[in-house]
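None of these values were measured; they are calculated from a predicted model. Atoms within a ligand are numbered from 1 in the order they appear, just like the ligands themselves.
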Amino acid sequence: MNVQEAIEKLNDLELKEFAYGHAMGILSYDDETVAPKGSGIPRGKTMGVLSELSYKLSTGDEARGLLDFLKEHYDELSPEDKRRTDLRDKSMRELRAIPVEEYVAYTELLNDASNVWREAKNKSDYKLFEPYLSKIIETQKRFAGLVRPDMDPYDYCLDQYEEGLTREKCEEFFGALRRRIVPIIEKVKAAEPIDDAFVRRRFPVEDQRRLSRALMEIMRLPEDNCVIGEVEHPFTTGFSKYDVRITTHYYEDNFLSSMYSVIHEGGHALYDLHSDDRFCFTSLEGGVSMGVHESQSRFYENIVGRSREFIELIYPEIVKLSPEMGKHTPEELYRAANVALPSLIRTEADELTYPLHIMVRFEMEKAMIGGDIKTSELPEMWNSLYKEYLGIDVPDDKNGILQDSHWSGGGIGYFPSYALGSAYGAQLLHKMRESFDVAEAIKAGEIGKINGWLEDKIWKYGSLYKPSELMEKAFGAEFDPKYYTDYLERKFTEVYRL
Ligand code: ZN
């Protein structure tokens with residue numbers, strides 16, 4: 001075998017891996033959107049079979065031999081193929097350290113857990129979900145120990161979502177945020193409240209669906225490659241640059257909730273839809289990490305979507321669908337969309353208090369993975385952290401510990417990416433402004449200008465660079481959370497006329 005032949009084999013292997021991921025992803029998407037409630041048993045079986053086949057493909061003799069060959073000829077590889085080799089090497093180490101039966105059992109556990117979580121959330125009954133959460137935590141700890149015995153288990157969890165992120169870096173980052181954000185929140189609490197009652201007027205779901213389509217058009221989301229589904233907890237699944245599914249949840253008495261879900265998930269979709277063609281069906285296609293992904297989604301949701309200029313842009317569409325809204329000015333809507341008040345639900349939280357919701361989850365995860373807390377004590381810990389960080393009482397588990405789907409899907413270590421992504425976004429804005437007037441572009445509806453800049457700096461690279469490398473290239477500097485805290489201070493001082 002020569003290098004050329006090895007790369008052909010690698011392409012072939014990655015195409016097959018893509019196919020398994022695609023099939024399993026479609027099953028999960030189907031489960032979350034339209035599959036009947038009782039369809040979990042066959043899906044669990046199919047997922048078990050496919051994940052076993054995919055595991056064997058990725059860790060079998062042939063894949064191992066190929067990886068060894070690529071490592072031996074590493075110096076002869078292109079930068080792209082070096083990165084593919086590095087990524088394979090990392091995941092091979094992880095997959096091989098975990099016995100296949102445990103890997104399959106875990107996939108099945110997660111399938112059951114997400115169904116049970118949904119039921120537990122509906123009934124606001126943590127006890128139903130607790131045994132599953134307990135097993136997920138135990139499995140995560142066990143896998144961390146098997147794969148990286150040299151690493152702190154929570155660092156291992158964080159690294160799954162943001163390569164190179166550690167508990168220590170999080171502590172430092174969250175400490176910096178808390179010092180700057182808490183005093184702003186205190187000032188906002190003392191300021192005159194903003195009247196936002198009018199945004200909770202009835203806005204029929206059918207009209208909200210029309211608004212979603214208008215938003216997708218404004219964002220330049222191609223309808224041939226991106227559709228929207230309706231779910232309990234909005235998310236995005238990118239299968240390839242040709243097929244990305246976004247989702248939302250409509251509330252008749254809160255149209256802003258879905259509007260910002262669509263913009264947020266649309267940001268994820270844009271990222272997935274714009275990998276360079278040459279990365280198609282390889283491990284380099286799609287977003288590199290959750291932090292970078294969240295930097296894109298939260299950039300559109302908050303920096304673009306909650307700007308005065310964007311509200312002015314979308315206002316005529318809103319009034320067309322809901323003429324009652326026309327009694328209020330775009331400025332009133334802008335302020336209503338930026339009400340900052342400590343609240344219970346992360347996904348509904350405003351831009352300013354949002355990072356505190358993440359800090360609660362960071363503390364919880366540290367205790368779950370690193371501490372010796374019992375799973376029965378977790379709701380109490382959650383509630384007391386909400387009291388401490390946000391000053392509010394949690395009435396029940398539905399609005400408390402059961403609100404997010406992440407842990408039921410094994411996503412421990414995911415949450416810090418949201419806050420990190422928000423901070424990345426603010427530094428991207430700072431850099432983008434050197435190229436053009438971002439506010440002007442939004443005002444003129446030229447979202448394509450923003451898309452073009454992000455495509456050039458971030459999207460087209462897929463997973464070619466490590467997250468921190470990619471961001472530093474885009475920033476032209478090191479990451480610094482001060483751009484984020486400066487942005488928040490400037491914005492909320494202005495919104496609340498502090
Ligand atoms: Zn997101």
* Asked: Is it true that the side chains of Glu348 and Ser257 contain a donor and an acceptor less than 3.5 Å apart?
  -> yes
* **Shortest-distance N, O or S atom of His264 relative to the Zn ion (ligand 1)** => NE2
* Any idea which N/O/S atom from Glu294 gets closest to the Zn ion (ligand 1)? -> OE2
* So, is His293 placed with an N/O/S atom under 2.8 Å from the Zn ion (ligand 1), counting both backbone and side chain? -> no
* To do: List the steps, then state whether ring-ring contact (aromatic ring centres under 6.0 Å, His included) holds for Phe475 with Tyr483.
  => CA-CA 11 Å; Phe475 300 149; Tyr483 293 101; 7.7 Å; no
* Does the ring centre of Phe415 sit less than 6.0 Å away from the ring centre of Phe362? -> no
* Donor-acceptor side-chain pairing of Glu472 and Tyr465 below 3.5 angstrom -> no
